[in-house]
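Worksheet for the structure shown next.
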Amino acid sequence: MELTVLAGGVGAARFLDGLVRVVPPESVTVVGNVADDLEILGLHVSPDLDTVVYTLAGVVEPERGWGLAGDTAGALAVASQLGGDDWFHLSDGDIGLHLVRTERLRRGEPLSAVMRDVAERFGLSIRLLPATDDPVRTFVTTEAGELDFQTYFVRRRHEDEALAVRYAGAEDARPAPGVLEALAGADAVVVAPSNPFLSIEPILAVPGIRRTIAARNGPVVAVSPIVAGRAIKGPADRMLRSLAGEASARAVAGRYSDFLTHMLVDLADAEDVPALEALGLRAAAGPTLMATVEGRIAVARETLRLVDILST
Ligand code: FO1
């Protein structure tokens, strides 16, 4: 049994943390978003891939859901004193990863090769693939102008209304080695509970990825990142309202209408199930909250039950 998961930020990492406790981690391939990668203080940072690594390795800062738990920030304090960028929080241990990655990328190695080694050295058994080794970067149009992703998200705390989203470089990007095979060959593809615009669509924008998913015969199941009209974390609810008309599981399903076959919505949204089924999906309401490990396991189990991979 093989599962391939499209994954963005913290919600996806928490979902994966449950999934690898329910199925053998070796059977899981993650296709991760790289469009929120940034260069800062001369370092290449891949927040979404690192969040998956730190979460599955059990070293993530648990409240925020990103970065290393219990780490110091001496390097950033000195950088700040010297007038360097200090708005993006990089802790000392995290910088160690960015140093190694940046050096290897500068030597010409692909991101996928670097992250394969990083995942292995953190003891992970899943396969972690960036969607692409090529540079794709998200830009968000706001009333303050077009902002690069981390300026919109971290520096301005995603307070601006998103009027449009663009994935620069996507049209020239190629899927990283193994991505299309993992999507075509999996018993199920899972769209993690991630922001459609900021986490999933930048993956789908890489030529070949969306088409390969749509051409599957097997199930493609999404877990709704919206609970009772609200995002658990981040701006997905506000972005769905401004860019897709409403913040609901239905609106999320609408973003994936060309390939989605199944959808898990939160128990609070059980009344959405008939409307999703009217769209031709198999849908179910179940737990989707992932604050605890037990919650993450429950979400993973419900997702796999919905696509008949688990029977109990
Ligand atoms: N998120 C923040 O809100 N503020 C930060 O300063 C910040 C730093 C950061 C450093 C490394 C890393 O792996 C993630 C970091 N994040 C930070 C999270 C990240 O910006 C977002 O969660 C994702 O890019 C969105 O998926």
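Each ligand, and each atom within it, is numbered from 1 in the order the structure gives.
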* Measuring from Leu128:CG to Leu56:CG, what's the distance to the nearest 0.5 Å? -> 8.5 Å

* Asked: What's the spacing between Ser242 OG and Asp160 CG if we round to 0.5 Å?
  -> 11.0 Å

* To do: State which residues pass ring-ring contact (aromatic ring centres under 6.0 Å, His included) with His262; sequence neighbours excluded, sorted by chain then number.
  =>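 Testing His262 for ring-ring contact (aromatic ring centres under 6.0 Å, His included), a comparison that skips the adjacent residues, returns none.
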
* Asked: Out of Phe153, Tyr54, Trp66, Trp87, whose heavy atom sits nearest atom 1 (N) of ligand 1?
  ->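 Among Phe153, Tyr54, Trp66, Trp87, the closest heavy atom to atom 1 (N) of ligand 1 comes from Trp66.
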
To check your reading of the model: name the closest protein heavy atom to [atom], its residue, and the distance in Å.
atom                    : value
atom 26 (O) of ligand 1 : Asp48 OD1, 2.7 Å
atom 11 (C) of ligand 1 : Asp94 OD2, 3.4 Å
atom 20 (O) of ligand 1 : Gln150 OE1, 3.1 Å
atom 4 (N) of ligand 1  : Val154 CG1, 3.4 Å
atom 6 (O) of ligand 1  : His89 N, 2.8 Å
atom 25 (C) of ligand 1 : Asp36 OD2, 3.4 Å
atom 13 (O) of ligand 1 : Pro47 CA, 3.4 Å

* Does the separation of the ring centres of Tyr54 and Phe122 fall below 6.0 angstrom? ->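 Here the rings of Phe122 and Tyr54 have centres that are less than 6.0 Å from each other.
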
* Which atoms from ligand 1 have a heavy atom of Gly9 less than 4.0 Å away? -> 26 (O)

* Would you mind listing every ring-ring contact (aromatic ring centres under 6.0 Å, His included) that reaches into residues 175-216, with sequence neighbours excluded? => none

* Asked: Going by an N to O cut-off under 4.0 Å, is there a salt bridge joining Arg121 and Asp117?
  -> no

